Amino acid sequence: MTAVAWRPEWRAELVDQFLAGVVVLDRTLAIVDHNRAFAELFGEARGRKCHEVLKGRSEPCGICAALSTFNDGRRRVLEQVGRDREGHTVNYLVQVGPLRDRAGDIAFAAVITTDLTATKRLQREYQALFQKVPCFVAVINRDFRVVRANEQFRRTFGEPTGEHCHELFKRSPDRCTGCLVEQTFRDGEPHTAPHVGVARDGEVTHYLAFTTPLLNDSGEVRHVMHMSLDVTEVRALADELGRANEIRRALFESSLDAIAVTDENRRVVMLNRAAEQLWGVSRDDLVGRPVPRWMLPPELAPVLRSETGQALVHDALVSTASGEKLPARIGAVALSVENRFSGAAVFAQDLSELKKLEREKLEAERLAAVGQTVAGLAHGIKNILTGLEGGMYVTSSGLKRGDQARIRQGWEMLERNMSRVSDLAKNLLAFSRGDHPEPKLVRPAQIVHEVVTLFRDSAAQHGIELAGTVDESVEAAWMDPEAIHSCLANLVSNAIDACLVSQDAGCRVEVRLREADASIIFEVVDSGCGMDYEVKQKAFTSFFTTKGKGGTGLGLLLTRKIVQEHGGSITLESTPGQGSTFRLSFPRTRLPRPQGTETTS
Amino acid sequence: MSEPDSTHAPLIAIVDDEEDIITYLRVALEDHGYRVVATTDPATAPALLDQASPDLICLDILMPEHTGLALYGEIMKRPRLASVPVVILSGLNANDELLNQIWDANRLPAPASFIEKPVDIEHLLRTVRAVLGRQVGVSP
């Protein structure tokens, strides 16, 4: 390459290459010449006054840097605001220097204009950002003093007047342990950590702090910018959430009901301790896997597949991992997050203990009833004994006197009281025997028809109408037909007796059957003598009888026992002189299970 | 054994809901020369007793619905019957707590005698004799 010598005439070209505007003014402030960059910003301006071109003024500016330089020959630098060729506001930096002639007089002034508009806008934007950003921003020097702080910082921690950062942030005279600012000064890297501050009003403030090095022109870290985000409320929310979670966890874990939660793909998400115990499984084995088919009764499957919102199954038999079947009340509810199916919660209550208690309670009630009534029974037995003794006495008196009528009278007394002893013994045995009902699938209507047929003729002989009012649509149910038959027979027999006592003509006994709320309801209604309060109170409770000669006082007690063993209840409505209604109500869900489906335990 | 003169035989009234017991007592008492009037119905008993004017009343107090006890109170209130000795017959023990409570609560006078069922007929006859003898002793 051949060296080319620099030629002074190239200077004009050089000036035209400048990105800054270059203008030459004469002493009248007229623009003698300018470069291309100047024209681009302010337009063609040769021959025009500089104040016209730069500021759109007809008069020179009050403080004119060029005039001052013409006067004193000094260089000047100052920021100006003017208008560009299109009339927009322009921020520009003006550097003014003298151009001297050979005599050394200042003939012209050279003015260099640098467009600062973009820089200024950026500055303003950064300033606004610094001040308005919704976090605490502080610029900290090497003495750990806050030299600048934004609005939010000043509002919360106070106006910095040369305090140390820890004095402002924490109201503490000592530097914080693990100081982020110190770390950034040391390694020139940004750092972040959560901190606890104390606001001006003494309130504890949780914040997340970031530090960034601010470099000077030599690349040294002279300041650190410390930014922190107030997370007090987030923290409070997190605390609350944590507390709520803890409560939920404790409830879930200590619940006596077994709870299993599945996700939308029927995989087990959670399992509590009661669930582990009920199903005999370990959550470690099950969580994350699909619910085993054996775990749940089929009625619950739709809920787990989102087809139905919820299902409750009463008294189902739940299989355990070891194949045992336990009586349980089990249900499931679909879970949805923002209206989308997200899984299901299955809850189950182990009823085996309850069932055992129920059996024990029934047993205890029976024993109590027997015990309670032994005293009452004594009266009945004593009466029978007296009857037997009387029979013997009357018979022997008849024999002594050769009185045939008296002998027959005595013999009848013996016969009658012997049969009473026999009845009493039979009833007592039936009652104290702990035998369970033997359920068969029977139509309740069938039982009613049988009882009505059995008593219809004998009732008619006493002028009593016996009728059955039967809803034939009541479906078959698992019941011990003989036991229910003897309940109804007992009640019908009582009702006929009540009619006989009332001595009203046209007395009527009705046996009704219907179903309501999934309960099978039998009613025996009579228009007989009815009962007063005292009799009603005692009707079920003892060997109480109002029949004198005829009753053992065990019939209703036996009836109640059978009803209870079928999971049902018996109620009595009665008004003296108007008759009585006995109602046997059997909820279908509580009826005994057929043999073979009951647990072996 | 000395039996009462049949024309002036003492009249014994029996109120018991058990027909068999009435038959038993009637035969036994009649065999021993007493006259007997009896009813199983506590409702009509006061009128019957009033009319019959018995020398002694045998009363079962644990008839259905405690009417026997009410009947005892009723008898004690009637001027013509108040002085007639009453022998209580009961399946309950004379020391029965409930019985005594009811007795006290109703301020009932003590009966002439209290016989527990089953009735020992010899005991009853001895009691009847003793009560009537006492009665004879005090009456003019």
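Below, chain A is the first sequence line, B the second, and so on; all start at residue 1. This is a predicted model, so every value here is computed, not measured. Scope of the values below: all heavy atoms of this structure, side chains included, with no hydrogens, waters or symmetry mates.
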**Request:** Could you tell me which non-hydrogen atom of A/Gly387 sits nearest to which non-hydrogen atom of B/Asp20, and how far apart they are?
**Result:** CA-CB, 4.2 Å

**Nearest atoms (heavy-atom pairs only) where B/Tyr24 meets A/Glu389** = OH-OE1, 3.6 Å

**Request:** Step through the shown structure and confirm whether more than 12 heavy atoms of other residues, nucleotides or ligands are within 6.0 Å of CD on A/Glu415.
**Result:** yes

**Prompt:** Of the backbone (N, CA, C, O) and the side chain (C-beta and beyond), which part of B/Ile121 lies under 4.5 Å from a heavy atom of chain A, both, or neither?
**Reply:** side chain

**Request:** Report, as yes or no, whether the 6.0 Å neighbourhood of atom CZ on A/Arg408 holds more than 12 heavy atoms from other residues, nucleotides or ligands.
**Result:** no

**Request:** Mind checking the CZ-CD spacing from A/Arg416 to B/Glu19? Nearest 0.5 Å is all I need.
**Result:** 7.5 Å

**Message:** Run the side-chain contact (heavy atoms from CB on, under 4.5 Å) test on A/Thr386 and B/Glu18 for me, step by step, so that the C-alpha distance in whole Å, both residues' side-chain angles and the decisive distance to 0.1 Å come before the verdict.
**Reply:** CA-CA 10 Å; A/Thr386 307; B/Glu18 294 258 338; over 6 Å; no

**Request:** Could you give me the CA-CA distance, side-chain angles and deciding distance for A/Glu412 and B/Thr23, then say whether side-chain contact (heavy atoms from CB on, under 4.5 Å) is met?
**Result:** CA-CA 11 Å; A/Glu412 279 167 6; B/Thr23 308; over 6 Å; no

